[in-house]
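Since the structure comes first, as structure tokens, the remarks are kept for the end.
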Number of protein chains: 2
Amino acid sequence: MVSEANIFDLNQLRRSCSSCALGELCLPAGIDRTDLDRLDTTVRDKRTLDRGGTLYRDGDPFEALYVVRSGSLKTFVQDESGDVQILGFHLPGEIVGFDALALNRHVSQAEALERSSICELPYGRMQQVVSEVPALQRQLMRVISREVIEEHRHLVMMGRQQAQEQLAIFLKSLADRYQRLQRDGIALSLPMSRYDIANYLGLAVETVSRLFSRLEEMGVLEVNRKSVRILRSDLLASLCHSGTTSTKRHGAG
Amino acid sequence: MVSEANIFDLNQLRRSCSSCALGELCLPAGIDRTDLDRLDTTVRDKRTLDRGGTLYRDGDPFEALYVVRSGSLKTFVQDESGDVQILGFHLPGEIVGFDALALNRHVSQAEALERSSICELPYGRMQQVVSEVPALQRQLMRVISREVIEEHRHLVMMGRQQAQEQLAIFLKSLADRYQRLQRDGIALSLPMSRYDIANYLGLAVETVSRLFSRLEEMGVLEVNRKSVRILRSDLLASLCHSGTTSTKRHGAG
DNA sequence: GGCCCGAGTTGATTTCAGTCAATCGGCAGG
DNA sequence: CCTGCCGATTGACTGAAATCAACTCGGGCC
């Protein structure tokens, strides 16, 4: 079913943003027709990435921003001793590569979690068009802002002391994101491994695995390897705020 | 000593970016003289905030970006049940408020950790100048990108499983940031409470307190309430990578 | 100066998640 | 089809950090 959907997406590939299925979920949101044509002149098709394929890596010179068209990516940093921290999972319509704006080279790595197609926005060209189309400038800022807010969500998730809350929040927010994509918000496919989820949340793999089992026992989920069905959305939501408040509720320092 | 420095900073307050002591550490970095004058027309002085004073809160309409001129801020989100997650501590030259670009209202709160002065950049005016000065546009993007990278650092910190590593990284990165400000990178003053530090790192206050004591016993630090002196910078650095690698080293999902 | 309150520290105990280890099971390649 | 390998699960045990509790200290306020 998943791969069928992907093939379908691939068949839908068009050159232009105006005819892209993502439409308002992507950069074009709020841009009118004529400006959209201008935007189209900056978009260049990028090769399709296989599972595990790298879009850019740490140290690469900054050439472009990238939009996930279909499939999904993970971004992560890796320190000198090889330790990885996953920064985010990126679904269709989301833009990656903002980390490179500061120093003109990437300081993180982006890798496909499954076969994915990517639109490339070469930044030189992009900058010019952005300076000519104020609406696009605003939209680009909005998109970066969304990225910042998404990272806030990630921080809130990691800050929880109950691992179960963390996973619940993770699943809830993933469901929400799938729903925005007009996909199902109940039957989720998790393109990332348990290791990825564990790393993303700052937990051990075993803990994640046990939590999936526990949530299944509780009747919240039906877990089948990479596909998860949310049976009790209400319960899941309540698990996002279960723990007792402690160091969290605190006023001015 | 701290308050003396603050009074000194306040005395240095000037209207224009061109004469501001922060100079290249702030938005003007890389902007030439004439463009700087244009930038000056957008900057409006903001009231000085007392310790605990709020710059903006969740839900406030987006009016401006804010630059810390002196002092320091914390930004945080607070969910419906009152749980707080601190997102960042902000030192002079840093810009806050990007979270509001997406939805035209703030989705976090900013509060002064000590008496602080703030420059206000009304966004309407700002946008116009940015569209006329490409260099400023690029610089603004660079600054947001720095914000994104800083959040990556925060995530990496939180992802560590050893609390001691987390605190070591926190202190190290704070020392680095103070050093960029041409202040001392050895004698740190921590304007935030232990509760703030604990929350920022996702730990309990008691753990943070114990870790400070431990680091002092180890001869790494000399701790005196809000002032910390780094005695063994080398040891501190080594503590940032101590733990054994486990779930962290992992390839494609 | 003295009082009061909240931040901070320290100690005792508990608990939850990490670690180590064994096993399962699905997929890929032969 | 069989086999090998890696991701995933499960179990037993351990340990680090959370929790609960007592107490100190320092700063602000009268």
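These numbers were taken from a predicted model, which means no experiment stands behind them. Chain letters run A, B, ... following the sequence lines, proteins first, then strands; residues in each count from 1. Side-chain atoms are counted along with the backbone in the values below, which use heavy atoms only and exclude waters and symmetry mates.
Using a cutoff of 4.0 Å between basic side-chain nitrogens and carboxylate oxygens, Arg57(A) and Asp99(A) are not scored as salt-bridged.
Taking atom OH of residue Tyr195(B) and atom C1' of nucleotide dT19(D), one finds them 13 Å apart after rounding to whole Å. Between the P atom of dT9(C) and the CG atom of Leu190(B) lies a distance of 10 Å, rounded to the nearest Å. Rounded to an integer number of Å, the gap from Asp196(B) CG to dG6(C) C1' is 14 Å. Atom CG of Asn224(A) and atom P of dG26(C) are 9 Å apart (whole Å). A straight line from CG of Asn199(B) to P of dA7(C) spans 14 Å, rounded to a whole angstrom. Leu203(A) has its CG atom 5 Å from the P atom of dG18(C), to the nearest Å. As rounded to whole Å, 11 Å separates atom C1' of dG6(C) from atom CZ of Arg51(B). Across the protein-nucleic acid pair, Leu167(A) atom CG and dC16(C) atom C1' stand 15 Å apart, rounded to whole Å.
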Below 3.5 Å is the cut-off: list the nitrogen or oxygen pairs between protein and nucleotides 25-30 of chain D, distance only.
none

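Partners of Arg229(A) according to the salt bridge (charged side-chain N to carboxylate O under 4.0 Å, His left out) rule, which considers only residues two or more places apart in sequence or in another chain, do not exist here. Remark: Asp184(A) pairs with no residue by the salt bridge (charged side-chain N to carboxylate O under 4.0 Å, His left out) rule, at least two apart or across chains. Residues that satisfy the salt bridge (charged side-chain N to carboxylate O under 4.0 Å, His left out) test with Arg153(B), not counting sequence neighbours, are Glu150(B). Residues meeting the side-chain contact (heavy atoms from CB on, under 4.5 Å) test with Ser72(A), sequence neighbours left out: Leu91(A), Leu113(A), Glu114(A), Pro191(A). By the ring pair (Phe, Tyr, Trp, His ring centres under 6.0 Å) test, His154(B) pairs with Tyr200(B), sequence neighbours left out. The salt bridge (charged side-chain N to carboxylate O under 4.0 Å, His left out) search around Asp58(A) returns none, not counting sequence neighbours.
Residue pairs meeting the salt bridge (Lys or Arg N to Asp or Glu O under 4.0 Å) criterion with at least one partner in residues 207-223 of chain B, sequence neighbours excluded, do not occur; the list is empty. Judged as a ring-ring contact (aromatic ring centres under 6.0 Å, His included), not a single pair has a partner in residues 201-220 of chain B (not counting sequence neighbours).
Between Gln162(B) and dA17(D) there is a side-chain polar atom (N or O) within less than 4.0 angstrom of OP1 or OP2. Under 4.0 angstrom from either OP1 or OP2 of dA17(C) there lies no side-chain N or O belonging to Gln161(A). Under 4.0 angstrom from either OP1 or OP2 of dG26(C) there lies no side-chain N or O belonging to Lys226(A).
In this structure a side-chain-to-backbone donor-acceptor pair under 3.5 Å is missing from Asp60(A) to His106(A).
Near DNA chain C, meaning a heavy atom under 4.0 Å from it, residues 206-214 of chain B has Glu206(B), Ser209(B), Arg210(B), Ser213(B) in order of number.
Taking the screw axis at each terminus of the helix from dG1(C)-dC30(D) to dG30(C)-dC1(D) from five consecutive base pairs, the angle between the two is 50° to within rounding of 10 degrees.
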Side-chain donor-acceptor pairs of residues 167-182 of chain A under 3.5 Å, sequence neighbours excluded:
unit_1    : atom_1 : unit_2    : atom_2 : d
Ser173(A) : OG     : Phe170(A) : O      : 3.4
Arg177(A) : NE     : Glu94(A)  : OE2    : 3.3
Arg177(A) : NH2    : Phe89(A)  : O      : 2.5
Arg177(A) : NH2    : Glu94(A)  : OE1    : 3.0
Arg177(A) : NH2    : Glu94(A)  : OE2    : 3.2
Tyr178(A) : OH     : Ser189(A) : O      : 2.8

